[in-house]
Every structure is written in structure tokens, then in C-alpha cells.
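All remarks here apply to the structure that follows.
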Amino acid sequence: MISWLLPGLVVFLLLNLAAGLVRVARGPTPADRMSSALLFGSTTVAVLLILAEWMSEPAMRNVALLFVMLAAVISLAFFGMPRDIGAGDDEP
Amino acid sequence: MNLAVDSLIGLGLVALAWQAISGRSLFRGIVMFVVFGLTMALAWARMGAPDLALAEAAIGAGVTGALMLVALRRLVQLHPDQPAEPKRARSRLALPIALLAASLVAVIGLGAVSVDREPGRAGVAVMDNLAETGLSNPITGVLLVFRNLDTLLEVAVLLAAFLAALAVFRDQEQAPAPPRGDLPLVGALLAIIVPLTILVSVHLLLAGSHEPGGAFQAGAVLAAGGVLLILAGRLQPASGMPLATALPLVLGLLVFSVIGLAMMLTGAPLLALPGLWAVYLIEAAMMISIALTLVLLFAGASGLRRERP
Amino acid sequence: MTEAALAGLVFLPLLGACLLLLVPRQWRTALVLLVVVPLPVLLLPITAVVWQQQAVQMAVAGHALPLGIVWRVDALSLLLLWLNAFLLVFVGLQALTRFPPATPAGLRFWPLWLLLAAGIHALLLSADLFNLYVTLELVTLAGIGLIATSNRPAALQAAMRYLLLALMASLLYLLGVGLIYAEIGTLDLYEAGNLLEPGLLPATAMVLMITGLLVKAAIFPLHAWLPAAHGNAPGPVSALLSAIVVKVSIYIVWRLWFWTAEGWPMPALELFLGLLGAGAILYGSALALVQKRLKMVIAYSTVAQLGYLMLIFPLASLLAWQAAGFHLVSHGLAKAALFVAAGNILASLGTDRLRRLAGLDQRLPLDVFTLALASVSLMGLPPSGGFIGKWLFLQAAWEQGAWGWMALIALGGLLAAAYLFRILALTCFHPRSHGHSSRLREPPSRASLAGLLLALAAIGLGFASAPILTMLASAWPGVIAP
Amino acid sequence: MSSAVLFVIVAALLFGIGVYGLIIAGHLLRKLFAINIMGNAIFILMVAASGPLDGKPDALPQALVLTGIVIAVSATAFALALMVRLYQLTGQASLHNNEGGDD
Amino acid sequence: MSMGDTSLVEWIATSLLVLGALFYLAGTVGLLRFPDVHCRLHALTKADNLGLLLVCAGLGLLACDWQVAALLGTIWLLGLLAATVSAHLIARHACRDHSATSSRTGSA
């Protein structure tokens, strides 16, 4: 078991998050921004699970469970938004 | 390797914070702020504070994000034609003041961190006296046994915030627009997630005595279940404050105060809890109060009524 | 016995607020009276003990320091507790008519009013730095909620600005608390006094905490939020905000300065805080002279009179301490009387624009008389309480040969006389121009009576000054080792 | 360069961003973001500045921060309700500063 | 722990975790490169869920404790549910203002 595997994975996934940020910044439509928020949700869950193993802190799995359970709340709130919520000034 | 992870999380926090306050579209700001909350949970995890990561996740993902999105929707619905974003305040002083504040905090923080002093005397005292409380999670010990006046007054702060918001909720009780025609998927989502939030919140409540968890995190998770029901249109805001809503709203404060005062009759000091059963009873009552207060704050109303689809 | 009284002070209004939401409509007024009236009675046993032993101390939940939270009442906190009890009863009298508990508006108002009372009591009892943060937040949120009960845009705008500034101020205070804990590992106010030595970190923490508290106390130049907030809030709310809510922040600054940072050599900072007070007196009075609305004049008068409470820093002597404590109480009563009278005038006339107040003394004699009486105390004319306060300040400055401060104190009194006479002249000596329709709803007699009783108390304070001053002397840190 | 020092620097940067945002933000919603960011910065500082106690950070500041998080949520929820009501009445979600405020 | 004596289980777990990370990478690349919302959602939900499955499987093997493995399994299933519902809602929201976006995305 290579010792730097888990932290390496965490760094890799966090870089993924940073890349996803580009889409949130650039995404023309609100839906794009919301989809990248979805990406953040699942990536954070993965990072938390790896942290739980790496730092041997079982509570992190509960945090991951919370995140994955509540991920749908934001999307449902977004669904109720009016159509042109962020359309006014969407130029990148 | 630790440093690489921490610096990435720190970089993410700073970038997200900057994006949340600058940038043009308010909606983008909210998304950035929600993601900032997610990353804060990671930061707490890395700093070895699982209780705070749990609280940040429960309150951040469950309540705050949806609260801000619904607030933005109310803003756009009230004046659809108006640009949501008034122009930025022109202030040349902003940057120097901000840099000054940042450097002041940096100097203080580094000063506090660099000299390695022995840990706080109160923290050591908590660890020494924790055994007699029957709890093994020191944070729950501090919150509910050693400094329980803080917790009681803080539930009062939450009630005060709700009553203050109640004073402001006038005729904006129009329901958050339920999706037209009940979507099959949302029904399935509710059927699975809502009972799960109840299960997880009870688990967090009971686990609070020996591992990270407690009344606040449990209350916030329960509130997230209520938020889901409102978003899906199953619960509608209602005016008026029936007893069925008012009692659970103040239950936490009532139970905590009554037990705290009753103990004085038996000669014990104020708020000295008789035993572990009292701690669990108070935590359960507080969980219900916190959950209902957060849900009502989200619904923007003083009551809720069921809505058969 | 005193422990039960201390607990009652905090938990009676707290439980009252909870039960108010539960009991049926017709019992609410009885419940409010049941909670507010016994509060002064609870203070009697505590006063008796503090009279003999100078301070009452109680460990909440029985945990000794540094673990638990400690309640400590000495003469200063007792004085503020008495002021608060007085205000709750008398201003409450007007609030009962303005927001009858049985109505929906009353249901929004009274729970917040009782939570505010519980927060103030918890704050005055607490000797724990973080507990002070929680109580400060409770007081601030309840206060802003009360401002927001008025439906007018100006009030909501003022409430929003007050909320943002108060939240930022609380964060500064919390940062200071975090630093002090990192430095000495305990959060008790008095124990920190023994453990904390002057150094870079403790001094920065103290400056941060005091800055945050000065924003909440609306001391010049951080006062921008107060005039709009107190000027536009409903009558009884402005009275309570100006008379006690702003004062509790100053109370914590005094605690920090004279107990936690006791004996720290900070002459430059003392002078600076004194100059802030001077600025408040001059700026507040100047703006009060030019205001067009009665409640705005009174709000700016608060900004001015708060400046006096800052003079304790440069003139740090026993006499100045007694003067500041006495001024705090006498200003509280006089300012509450002014705002209650102004509230009655606004309620019956529909406006409080000074131009429309001509010849008011025939139409609302009781309220104008209250205005006059309260002005007498605020200006510091003998034999009122205000006079004793200013007189002691002058003596303290005389003792230390501080001519500048003496001139300032006298000038403050003159300026106060100027803007208060302007109001009295408008209401009494100008004949009522017949152009105005006399659309006048007589305010309920209880509301006018409330204002009158407060004004009489402000005047009567002058006669009852001896016991108060001796008790205040016992709280001066120089006399007792904390 | 231990992780505590890193998080203190992050806290300082966040505090600066919060102050900057509070001053220049036009919309009230952004001012709320700024205040929450400042709050989180202070919470990070409180936990990072407390010495480690047998491996884990000191429990007391964590309890204080937990209390702070709940107070921050309740204040934010009230501020949002006030902002929406203000917008409904004045059609303006920003503080144009008129000190006097006439009725 | 030199590579020589890592047991077979850890070897499998390592490969699963690396594969999972690659799928996350695929999801992110999809999010950035694909032309419009629907393709991005498609890429996102498929790749990320598979990534999460592999990561959970790898961690389950590493933790070698049934309770933890069961929790990881429920987390993955919930992840599936969250992804499907969220993608569905976001897509429906995007469809509703399809008219507004189609002209723009066509030209982008």
C-alpha cells in the first residue's frame, strides 16, 4: 500500500474540483453552474471518504453521508427558480 | 503530503470566497457560496474537528444554500424587470482597509500559533472532568454540562431570530412555487430521503454523547428533511401559530429551563443536570426546536400545513 | 435565596416569552404582567446582599473556574439591573397600549420584548467573555426584531444597517475573545484580569473587543446606525434601545477596561477614548440642533449623552466613576421619558415634525410636561439626577485640574439645553396655527402616565443619590481587589 | 510550515476578502456572504490557534465555534427575511445611505 | 511498506481507487469540453457515479470491516439517487428556458 496513494488521490480530486470551478465561472446558463455544483457534491463525498480512511476518523463518513443525502436539496431549490434567474449578465 | 492537501483546500476557500463576493450574477455568487460551505467542511475535517465538519455540512448543505436560493427567487419574483444586481459601491478605501484587516489578522494568528504554549487550562479541565459526566465526546460535554448556559441562550438566540423574522414576514406567504405536476422522481426522492433524514438525525442525536454529533447537527438534518418537503410542495406555509406548531418551537427552551430550575429546588446549583437521561431529553427537545425553527425560517411563515398531492 | 433570585431574573422573562406563544389569547396580558412586575421584587434580595458583601458570585451548573460560567453581580451591574427593571415596567406600560398582547401585532412584539429583557439580564449577570458574546447577540437580534415590528421602510432600512454593523462588531469581539482564550486558556472576565499581562497579543485582543463594542454602543464616529434606528423604531422600542440596550455595550467596555486590562499603562488610549467622547458630545449635540423631527433630535441627543460615559477613561478616579455610573442611570430614565412622550405625540398627531408641534401644550399637556421634566434632567439642572451626574463629573475634573474636560462637560450641558429648549419653545410658546386640521387622537392615559412617571423618576433620582453613590463607590476596582 | 500556520494564513485572507466584500458589495445578499466568510475566518482562527490536546485540537474552542455557527445561521436567516421584506417595500436591495430617514 | 509485500487485497484496492479517480477526471473533462448542458449532465452523472462506486469499493476493501463497507454501499446508492434526481431536475429546468439558450449555445 503506497503511503502517498490516499493523499495523492485527495490532491487529484481537489484539482478536479478546481477544474470544475472553471465551469461555474464560465457556464453560460444557470443550469451549467448547477451541474458543476453537482460535480462538487460528489467529488467532496469521495474526498471525505478517502480522508476518513487516511486520517482514520470514522466521523468523516457520517459527514459524507450527510452531503450525499442533502445534495438533492440544492437541486430541488434550483428547480423552483424562475427561468432567467442568472440570464441577465451571463457573458463569461 | 499533508501540506499539499491543506494548501489546496485553503486555496479553494480563498478562491471561492473571492468569487462569491465579486462577479456579476447573484445566482453565481450563491453557487460559489454553497461550494464554499462544502470546502469549509473539508477544512474542518483536515483540522481534526469532525463535529464542526458535521455541523457545517448539515447546516450549510441542508439549510443555508436552499434558504439563499429561495430568497433570490423571492427577489426576482417581486420585481422581475429590475436588474438583480445594483452597481457596486465605488470606494477606493475598500482595498486598503481589507489589506490592513487581513494583515492584522495574519499577525495575530501567527503570533498565537507560533509560540507553542501549553493547551488552554479550560480545555485541560474539560478533559479531566469529562469522565464524571458520563459522556465521552468532550464537545457535547462542554455544550451540555460544563457551559450549558451558552447552549441555552443560543437556542434563545435562534428563537429570537425566528420571532424577529416573523415580525417581518408580512403578506409574502405566497408558497414557493411547487413544480407543475408532481414529478415522479421527486416523489421517489422524498420517499427515500425524508425518512432517512429522520433516521440519520436520531442517530446523530444518540451518537452525540460518544462520537461527533449532537442536537445541532441532528436538528439541521431534520430541518433539511422539512426543507425538502416544502420545496416539493408537500408542506405549504400557513399563517397563524397553532399550538401544534408553537409547542415544538419552544420545546427546547422549555425543557432545558424547567429541568435547570427544578434542580435548584433540590438544592443543586442552577442548570446542574441530574444525569445522562436529562442530557438526552434536553438534546431531543432542542433537536425538535432547532429543526422546526429552521424549517419555518425557510418557509417564511409562522406555520405549516400538509398538502395532499 | 439570592441564587433563586438570580436565576429568576433570566429565566422568568425567558419562560414568559415561550409561554406567551402557547397560552390562549385572553391570558397573554396577564402573563406579561405576571413576568414584568415581579422583576424589581427579585432584585431586592440581591441588593441586600450586595449592600453588605459588595458582590454576589454564583457558578452556573456548579462548575468552578476555569471550567464553568460564573455569574457575578456587583454594584455596577446591580445599578443597570435596577434601571432595566424600571424601564421594563414603565416603558412596558406604554407598550401595553401600543402593542396590546392579545392582538397579532402584540404576539409579534411581546415575546421579543421578553427575550430582550432576558438577554439584558443574562448579560449583566455574566462574568464570562464568550457568554457575553452570546448574550450580546441575543440582545442585538431581539432589539433589531423589535425595530422591524414597525412596518415603515425607513425603520426596516435602519434595522438592516444596524444588523450588518452589529454582526461585524460581534465578529470583532469574538476575534478578541478567541485570542484571549488562546493566550491564557480561560474565559472568565475577572480571572483574565489576574492572568493577562500587557503584551502585543492581549493589547490587540483588547483593542478589537473594545472597537466591536464601541460600534454596538454607537460611540462617535461609529454612531451612523443609531439615529435612523432609534428615530424610526416604534415608541417603546426606541425608549428601551436608547436607555439600556446601547448602554450594556459600554458596561462591557468598562468591565474590560477596569477589570480585565487593570493596571495596563495605556495613557494614549485613555486620552483617545476621551476624545471620542468629546467628539460624540459636540457632533451629537450639533446635529440634534438641526433635526426636523422630534424623535431624530432625541436620537442624536443619545449619541451626545453617550459621549459622557467615555469621559471615565481620561478622568479615571473614584469621583468620575460615581459620576459616570450615575449619569448612565439618570440619562436612561430621562431618555426613556423623552422617547415615550415622543411616541405618544407621534401616535396621536400622526407626525413628529417639529413644525407641526406648535401649540401642542394645549392639546397634549401631559406629554409636553413629560418632555419638559425629562429635559430638565437631561440638561443637568438642579435638583435632577442629571445635575448630580454632571456636577460629580465637574468635581472629578476639578480635582485633576483637567480644565479642558471641565469646559467640555459644561458645554455639553449648554448644547443639550439648546436643542431641548428649541423643542419646548416650539411646543409651548408658538400659538397653534389654525391651518392644521386638529385630527388628534388622545393617547391612552396610561401611556402618558408612563412617560410622566419616568420623568419624575429621573428628577427624583437627584434626591436619592446618596445610597446609589455609596454603592457605586464599592464597585470601583481601585477599592476592591477583583 | 505546519498546517496550523497555513490555516491561519487562509483565515487572514478570508477575513480580508470578507471586509472587502462588506465594503464594496452593492447587493445586500453579497454583504451577507461577506459577513459569513468573515465569521468562518474567525472560527478557523479560533480552532487553529488552540494548542493540540493529546492529538486532537482543544475541545473548548470547538464547542464555542459550534455555538458561533448556529448564531451565524440564525442571524443570516433573519437578515435574508429582512432583505426580502426591504426589497418588497422599497424595490431596493441595497443600503442607499440617508442618515436621517424621513417618514 | 515496500511494494513487494503489499497483499493482493491492497493491490486490488489501489487499482480500484486509481480507476475511480480516472473516472472522476473523465467526468470533469466532460463537464468542461461538452457543448451544452445536457451532454455535460450526461457525462457528469455517469462518470462521477462510476468513480464514486470504484472509490467506495476500494475504500471498502481497505477498511475490511463489514459495517464500513455497508455504509459505503449506502453512500454510493444515495449518490446514485442524488445524481439522477438532480440531473433530471437541472435538465428539466434547462429545457424550460431551452428557447433562450439554444440560440446562444448554437453559436458558442
Side-chain angles (χ1 to χ4, degrees), chain C residues 66-67 130-131 133-134 137-138 140-141 144-145 147-148 151-161 163-168 170-172 174-179 181-183 185-187 201 223-229 231-232 287 290-293 295-296 299-300 346 350-353, chain D residues 8 11 15 18-19 22-23 25 28 31-32 34-51 53 58 60-61 63-65 67-68 70-72 74-79 81-103:
Chain C
L67 199 50
F130 184 77
N131 194 251
Y133 166 74
V134 179
E137 285 295 304
L138 177 57
T140 309
L141 279 179
I144 296 171
I147 297 177
N151 212 345
R152 294 174 27 254
L156 291 176
Q157 187 114 48
M160 193 63 186
R161 178 175 290 116
L163 181 60
L164 290 177
L165 281 171
L167 288 178
M168 195 195 66
S170 301
L171 288 180
L172 288 182
L174 188 61
L175 184 55
V177 169
L179 284 173
Y181 179 75
E183 187 71 20
T186 176
L187 286 168
L201 274 184
H223 67 285
W225 59 269
L226 185 138
N232 295 311
L287 276 155
V290 295
Q291 287 306 314
K292 293 192 287 299
R293 281 180 48 219
K295 287 187 80 168
M296 293 310 288
Y300 274 106
L346 185 61
T351 172
D352 65 340
R353 284 205 173 283
Chain D
V8 161
F15 192 82
V19 168
L22 195 57
I23 295 170
L28 282 173
K31 285 189 192 285
L32 288 182
I35 285 191
N36 274 305
I37 289 168
M38 277 169 70
N40 277 310
I42 291 174
F43 295 151
I44 292 176
L45 203 66
M46 282 172 80
V47 172
S50 61
L53 199 55
D58 182 353
L60 198 97
L64 304 185
V65 166
T67 310
V70 175
I71 288 179
S74 38
T76 307
F78 171 46
L82 193 56
M83 177 187 74
V84 169
R85 180 66 184 153
L86 200 57
Y87 194 81
Q88 191 176 16
L89 285 178
T90 62
Q92 260 278 329
S94 67
L95 292 175
H96 49 79
N97 31 34
N98 53 343
E99 274 217 343
D102 35 27
D103 51 356

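Side-chain atoms are counted along with the backbone in the values below, which use heavy atoms only and exclude waters and symmetry mates. Numbers restart at 1 for each chain; the letters A, B, ... are given by sequence-line order, proteins then strands.
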**Item:** Proximity breakdown for C:Leu163 and chain D, heavy-atom pairs closer than 4.5 Å
**Value:** side chain
**Given C:Leu141, C:Val134, C:Leu174, C:Leu138, the one that forms side-chain contact (heavy atoms from CB on, under 4.5 Å) with D:Ile71** = C:Val134
**Message:** Tell me the closest heavy-atom pair linking D:Leu82 and C:Ala148, and the distance in Å.
**Reply:** CD1-CB, 4.3 Å
**Asked** Within a strict 4.5 Å, meaning less than it, do heavy atoms of the C:Leu172 and D:Met38 side chains meet?
**Response** no
**Asked** Is C:Tyr133 close to D:Leu64 at the side-chain level, that is, under 4.5 Å between some pair of heavy atoms?
**Response** no
**Message:** Can you give me the closest heavy-atom contact between C:Tyr181 and D:Pro61, atom names plus distance?
**Reply:** CE2-CG, 3.5 Å
**Request:** Report yes if the side chains of C:Leu167 and D:Thr76 come closer than 4.5 Å at any heavy-atom pair, otherwise no.
**Result:** no
**Interface moiety of D:Leu45 toward chain C, non-hydrogen atoms closer than 4.5 Å** = side chain
**For chain C, the option from D:Leu60, D:Leu22, D:Val19 that forms the most heavy-atom pairs under 4.5 Å** = D:Leu60
**Prompt:** Can you tell me how far CE of C:Met160 sits from OG1 of D:Thr90, rounded to the nearest 0.5 angstrom?
**Reply:** 11.0 Å
**Where D:Leu86 and C:Gln157 come nearest, the two heavy atoms and their spacing** = CD1-N, 3.5 Å
